[in-house]
Trainee: 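So that we are looking at the same thing, I have put the structure below in structure tokens.
Reminder, nothing fancy here: chain letters follow the sequence lines and each chain counts from 1. In this text the structure is predicted, and so the values were computed from the model without any measurement. Note: hydrogens, waters and symmetry copies are ignored here, and every other heavy atom, side chains too, is used.
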Amino acid sequence: MIEAPLAPDSLAVPETSVSSTSSAVPETYPVVEMKDVNKYFGQLHVLQDINLTVDKGEVIVIIGPSGSGKSTLCRTINRLEPIDSGEILIAGQPLPQEGRDLAKLRAEVGMVFQSFNLFAHKSILNNVTLGPRVARGISKDQAEKEAIALLERVGIKDQANKLPAQLSGGQQQRVAIARALAMNPKLMLFDEPTSALDPEMINEVLDVMTNLARDGMTMLVVTHEMGFARRVADRVIFMADGLILEQATPQEFFTNPKTDRAKDFLAKILEH
Amino acid sequence: MDLTGYWEVLREYPVLHAFWVNITLTFWSGLLSLVLGTVAVAMRISPIASLRLAATFYVNVFRDIPLTIVMVAMYSVVWVSLGIEFSDTFTTNFYILAVIGLGLYHGSFVAEALRSGVNTVPLGQAEAARAIGLTFIQSARIIILPQAFRGAVAPLGNTLIALIKNTTVASATAVATETSGVMAAMIENRPDHVILIFLTFAIGYVIIVVPVGVLITHLSQRLAVKR
Ligand SMILES: Nc1ncnc2c1ncn2[C@@H]1O[C@H](COP(=O)(O)OP(=O)(O)O)[C@@H](O)[C@H]1O
Ligand SMILES: [Mg+2]
């Protein structure tokens with residue numbers, strides 16, 4: 001068991017001016033900064049004045065009722081969804097427009113989807129080597145060596161030559177994590193990674209994510225797994241109706257939620 | 001029916017060669033339509049609106065004009081009026097015009113078949129491709145189109161079968177050596193054998209098309225992407 005780390009003091013995060021610290025330390029930028037982000041789907045205001053900073057090594061869990069904009073928030077961070085106003089910075093860099101630069105940036109932000117989305121016509125090994133080979137131009141041998149190591153890390157080395165459809169959901173999701181890790185991402189986004197899984201497979205995926213968090217990966221996780229949030233998260237964010245209503249340590253949030261919406265939500269989710 | 005007499009007729013006319021002409025027409029125009037259809041479907045799924053519009057325009061124009069009119073136009077508009085020539089030899093020039101007409105026409109059907117194949121590819125595949133940093137072209141080439149082809153074997157096969165039979169319209173572009181031209185000549189000169197002449201060509205096409213159909217059924221099951 002690890003203790004829930006202290007709340008990162010987001011006020012202590014240096015502003016995005018380079019001069020404030022010595023130039024020998026370039027890692028002064030937060031991994032993600034969202035500033036006054038707004039997004040609409042037609043009339044629907046799905047993201048309302050979102051301000052969010054994710055520091056290096058931080059694990060943030062986003063919870064909230066269905067339809068509150070959690071997936072959309074995740075997807076704006078690698079610009080799978082464009083935003084209507086505000087600003088999103090990745091390691092201090094604004095998100096570029098659609099094109100080569102954006103593709104390069106996306107390669108540095110790993111994403112794991114609820115429905116796995118492994119490339120159905122490619123072997124497990126090729127799923128993991130594809131990004132490094134195509135987007136980064138890494139040699140086949142090198143990419144395969146790294147892929148095997150990653151598959152071993154998520155416990156699926158033996159299945160390297162199978163097709164996705166031959167694996168269980170839990171195994172597919174672990175491959176999806178390995179595929180994202182193969183790009184050496186600065187940040188991993190998880191959008192309900194265990195929601196499509198049979199109950200007996202949820203833990204194998206959560207275990208991989210827990211290890212990843214302990215190895216220092218910066219993670220933004222949308223999940224309904226409250227146990228995971230308690231154990232692993234540095235910060236819990238509660239969203240409802242496109243707004244961030246609460247941000248707190250897991251301990252604080254679960255024992256003392258401030259808003260009625262959060263109390264309501266927790267009551268419902270902890271019931272069963 | 002006078003079978004021995006008909007045997008003489010068969011040897012008098014280049015029937016086998018005529019079928020061979022249709023097979024080569026199928027091959028070249030099939031290749032052209034595959035290229036055109038693939039490019040068109042890639043344009044239609046691209047993020048650039050003007051490309052999507054151009055491809056939609058192409059598909060709708062050639063899908064909606066009757067093939068005979070396309071083929072006559074290749075002869076009378078492209079060659080006679082515009083004077084576009086691909087070869088000094090008449091027969092070669094007409095052959096190339098026919099291939100282009102057939103390719104343009106069937107390319108629109110290939111594009112439609114491939115689009116139905118694209119619809120078999122879940123949206124998440126393209127999203128995952130974008131998320132690991134592939135550009136649109138990389139994702140189309142490596143993730144979407146390969147799965148689309150494998151999901152479109154049956155409609156592509158139907159287009160191929162239609163093409164095999166439609167090559168007989170090449171006589172409208174003055175390709176005289178292909179089957180319908182040869183058949184017309186035979187009927188005109190030997191009306192006494194008209195039924196046998198018809199049967200010969202009909203059975204010839206059945207012999208070509210049946211194995212193609214069997215192969216397509218087999219391939220569409222074998223190549224289908226397991227999800
Ligand atoms: N592509 C889209 N077009 C229109 N509405 C959308 C789209 N994606 C999501 N929405 C709507 O936006 C709201 C937030 O969706 P989402 O971010 O998926 O919520 P969550 O992940 O919290 O369940 C929902 O009401 C949903 O119906
Ligand atoms: Mg969601």
Trainee: Check whether A:F119 gets within reach of chain B through its side chain, its backbone, both or neither, counting any heavy atom under 4.5 Å.
Mentor: both
Trainee: Give a yes or no on whether the backbone of B:V21 and the side-chain of B:E178 come within a donor-acceptor separation of less than 3.5 Å.
Mentor: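 No.
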Trainee: For a quick check under 3.5 Å, do B:Y95 and B:S87 share a side-chain donor-acceptor pair by atom type?
Mentor: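 Their side chains do not contain a donor-acceptor pair, so the 3.5 Å distance test is not met.
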Trainee: Which atoms of A:R79 are under 4.5 Å from chain B, going by heavy atoms: the side chain, the backbone, both sets, or neither?
Mentor: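 When you check distances to chain B, only backbone atoms of A:R79 fall under 4.5 Å.
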Trainee: Who wins among A:L163, A:L118, A:V109 for the most heavy-atom pairs under 4.5 Å with chain B?
Mentor: A:L118
Trainee: Relative to chain A, which segment of B:I142 carries a heavy atom at a distance below 4.5 Å: side chain, backbone, both, or neither?
Mentor: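 For B:I142, the contact with chain A is made by backbone and side chain together.
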Trainee: With a 4.5 angstrom heavy-atom cut-off, which part of B:E127 approaches chain A: side chain, backbone, both or neither?
Mentor: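 For B:E127, backbone and side chain are both near chain A.
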Trainee: In terms of heavy-atom pairs under 4.5 Å, which option from A:L130, A:V112, A:L189 contacts chain B the most?
Mentor: A:L130
Trainee: Please classify the contact between A:A180 and chain B as side chain, backbone, both or neither, with a heavy-atom cut-off of under 4.5 Å.
Mentor: neither
Trainee: Of all the heavy-atom pairs spanning A:D55 and A:P30, show the shortest one and how long it is.
Mentor: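 Heavy atoms only, the tightest pair is OD1-CB, 3.7 Å.
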Trainee: Give a yes-or-no answer on whether the side chains of B:Y205 and B:T179 include a donor-acceptor pair shorter than 3.5 Å.
Mentor: yes
Trainee: For the residue pair B:F19 and B:F201, is the inter-centroid distance of their aromatic rings smaller than 6.0 Å?
Mentor: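 So the answer is yes for these two rings.
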Trainee: Look at the side chain of A:D101 and the backbone N and O of A:P96, then say whether any donor-acceptor pair between them is shorter than 3.5 Å.
Mentor: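 Not at all, since once roles are kept as given, no pair shorter than 3.5 Å links the two residues.
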